[in-house]
Amino acid sequence: MTKIFVVTYSTYGHINKLAESIVKGLENNGVEVGRYQIAETLSAEVLEKMHAPAKADIPTITVDQLPEADGYLFGFPTRYGSAPAQVKSFFDATGGLWAKQALVGKPVGFFYSTGSQHGGQEATVFSTMPFVAHHGLIYVPLGYTNSHLFDNSEVVGGSAWGAGTVANGDGSRMPSEKELEIAVTQGERFADVAKKLSA
C-alpha cells in the first residue's frame with residue numbers, strides 16, 4: 001500500500017488542524033498515512049513568552065525516516081513569506097539523502113498558514129522549490145480542484161499551490177469549514193497521484 005508522510009511544524013495548532021483534514025483526504029483514497037512533526041528549535045522560555053501551547057502528541061520525524069514513505073505532504077506557517085527556520089533546518093539536514101538520491105521521483109506537496117490574506121501563502125510554497133528541485137521530488141499542486149478556492153464572499157485560505165488558512169496576526173482564527181474541506185480535497189488528489197507514481 002502506498003505510504004504518505006504528513007509532516008508538520010505548528011506553533012499554535014492551525015497547521016495541525018489542517019493536517020487532520022489532509023489525513024482524512026488521504027485515507028479516503030486508500031493510502032497509508034504516517035503522521036509526524038518537525039522538531040522545535042526554540043527554547044521553552046521563548047515559547048512561553050510567545051504564549052505557545054504545548055506541542056501536540058505527534059512523533060517527531062528524523063530525516064532518516066523519509067525514504068520509508070512514497071510521498072510527503074509538509075505543512076507549516078509562513079515566516080515573512082518563507083518556511084520557518086525549524087523547517088529549513090530539517091530540509092538542510094537532508095544532505096545525506098540528496099547524496100544518495102533517496103527521494104528522487106517521489107511526490108511532495110505543501111499546506112500552510114499565514115496571519116493575513118496577503119501574508120505570503122503562495123510565496124511560502126515558492127520558497128520550498130529549491131529543496132524540491134535538488135532532491136528531484138515531484139511537486140503536486142492542489143490546482144483549483146475545490147470550488148471554495150473561487151469563493152470571494154469571505155476570507156478563505158489556500159490557493160492552487162495548496163490548502164491554507166488565515167490565522168489573524170494574533171492567531172485567533174482557526175481554520176474554517178471551507179478551508180478544512182479544501183484540505184480534504186488536497187489529501188484526496190495527492191493520494192491519487194501518489195498511488196499512480198508508486199504503482
Which atom of Ser159 lies closest to which atom of Leu142, heavy atoms considered:
O-CD2, 3.5 Å

Using the rule that two of Ile, Leu, Val, Met, Phe, Trp, Tyr join whenever any of their side-chain heavy atoms come within less than 4.5 Å, decide whether Val140 and Ile182 are in one cluster.
no

Donor-acceptor pair, side chain of Glu48 and main chain of Glu45, under 3.5 angstrom
no

Sequence neighbours excluded and cut-off under 3.5 Å, please list the side-chain donor-acceptor pairs for residues 73-89, or say none.
residue	atom	partner	partner atom	Å
Thr78	OG1	Gly81	N	3.0
Thr78	OG1	Ser82	N	3.3
Thr78	OG1	Thr124	OG1	2.6
Arg79	NH2	Thr11	OG1	3.3
Ser82	OG	Lys88	NZ	3.1
Gln86	NE2	Tyr9	OH	3.1
Gln86	NE2	Glu40	OE2	2.9
Gln86	NE2	Thr41	OG1	3.4

State yes or no: do Ile138 and Val132 share one hydrophobic cluster built from I, L, V, M, F, W and Y residues joined by side-chain heavy-atom distances below 4.5 Å, directly or via other members?
no

Could you pull out the closest heavy-atom pair between Thr2 and Ser198, with the gap in Å?
OG1-OG, 2.7 Å

Applying side chain to side chain donor-acceptor pair (under 3.5 Å) as the test, list every pair that has at least one member in residues 140-150; sequence neighbours left out.
Asn146-Thr185, His148-Glu181

If you look at every heavy atom in Phe111 and Gln186, which pair is closest and at what distance?
CB-OE1, 3.8 Å

Return the CZ to CZ distance between Phe110 and Phe190, rounded to the nearest 0.5 Å.
9.0 Å

Find out whether Arg35 and Phe5 are in side-chain contact, i.e. whether some heavy atom of one side chain is under 4.5 Å from a heavy atom of the other.
no

Give a yes or no on whether Tyr139 and Leu66 share a hydrophobic cluster (residues Ile, Leu, Val, Met, Phe, Trp, Tyr; joining criterion: side-chain heavy atoms under 4.5 Å apart).
yes

Yes or no on side-chain contact (heavy atoms from CB on, under 4.5 Å) for Ile38 and Thr60, after CA distance, side-chain angles and deciding distance?
CA-CA 6 Å; Ile38 291 171; Thr60 299; over 6 Å; no

When you measure from the side chain of Arg173 to the backbone of Asn168, do you find a donor-acceptor pair of N or O atoms at a distance under 3.5 Å?
no

Determine whether Glu20 and Lys17 make a side-chain contact, defined as any pair of heavy atoms from C-beta on separated by less than 4.5 Å.
yes

So OG1 of Thr8 and CG of Leu18: to nearest 0.5 Å the spacing works out to 10.0 Å

Can a donor-acceptor pair be found, under 3.5 Å and without considering hydrogens, that links the side chain of Lys55 to the backbone of Gln37?
no

What pairs of donor and acceptor atoms, side-chain ones from residues 94-108 against any protein atom, are under 3.5 angstrom apart with sequence neighbours left out?
residue	atom	partner	partner atom	Å
Thr94	OG1	Phe91	O	2.6
Thr94	OG1	His135	NE2	2.8
Trp98	NE1	His134	O	3.2
Lys106	NZ	Pro67	O	2.9
Lys106	NZ	Ala69	O	2.6

Is it true that Phe131 and Val125 fall in one hydrophobic cluster, defined by side-chain heavy atoms closer than 4.5 Å?
yes

Does Asn28 use its side chain to pair, donor to acceptor, with the backbone of Glu188 at less than 3.5 Å?
no

Strictly distance-based, threshold 3.5 Å: is any side-chain N or O of Thr165 a donor or acceptor partner for the main-chain N or O of Ala167?
no

What do the steps show when you test Ser153 against Lys178 for side-chain contact (heavy atoms from CB on, under 4.5 Å), and what is the final call?
CA-CA 12 Å; Ser153 67; Lys178 289 180 180 179; 4.0 Å; yes

When every non-hydrogen atom of Asn16 is compared with those of Ala56, the smallest separation belongs to ND2-CB, 3.7 Å

Interatomic distance, CD1@Ile4 vs CG@Asn29, rounded to 0.5 Å, equals 11.0 Å

Do Val156 and Ile15 sit in the same hydrophobic cluster, where Ile, Leu, Val, Met, Phe, Trp and Tyr count as joined when their side-chain heavy atoms come under 4.5 Å apart?
no

List the steps, then state whether ring pair (Phe, Tyr, Trp, His ring centres under 6.0 Å) holds for Tyr112 with Trp161.
CA-CA 10 Å; Tyr112 39 77; Trp161 294 82; 9.3 Å; no

Please find the pair of heavy atoms, one from Glu32 and one from Met1, that lie closest to each other, and give the distance.
N-SD, 3.5 Å

Indicate yes or no: at least one non-hydrogen side-chain atom of Tyr72 is less than 4.5 angstrom from one of Leu137.
yes

Counting only heavy atoms not in Glu68, do more than 12 fall under 6.0 Å of its CD?
yes

Under the side chain to side chain donor-acceptor pair (under 3.5 Å) test, residues paired with Gln65 that sit two or more places apart:
Thr62

Any chance you could measure Ile22, atom CD1, to Glu27, atom CD, to the nearest 0.5 Å?
12.0 Å

If you count heavy atoms of other groups shown closer than 6.0 angstrom to NZ of Lys195, is the number above 12?
yes

Which hydrophobic side chains are connected to Met174, either touching it within the sub-4.5 Å cutoff or through other members that do?
none

For Val33 and Lys3: C-alpha separation, side-chain torsions, deciding distance, then whether side-chain contact (heavy atoms from CB on, under 4.5 Å) applies.
CA-CA 6 Å; Val33 178; Lys3 180 186 287 188; over 6 Å; no

How many angstroms lie between atom CZ of Arg189 and atom CG of Leu26, to the nearest 0.5 angstrom?
13.0 Å

Search all heavy atoms of His14 against all heavy atoms of Ser113 and return the closest pair with its distance.
CB-OG, 4.0 Å

Side-chain heavy atoms under 4.5 Å apart, restricted to Ile/Leu/Val/Met/Phe/Trp/Tyr: what other residues fall into the cluster of Ile58, or is it alone?
none

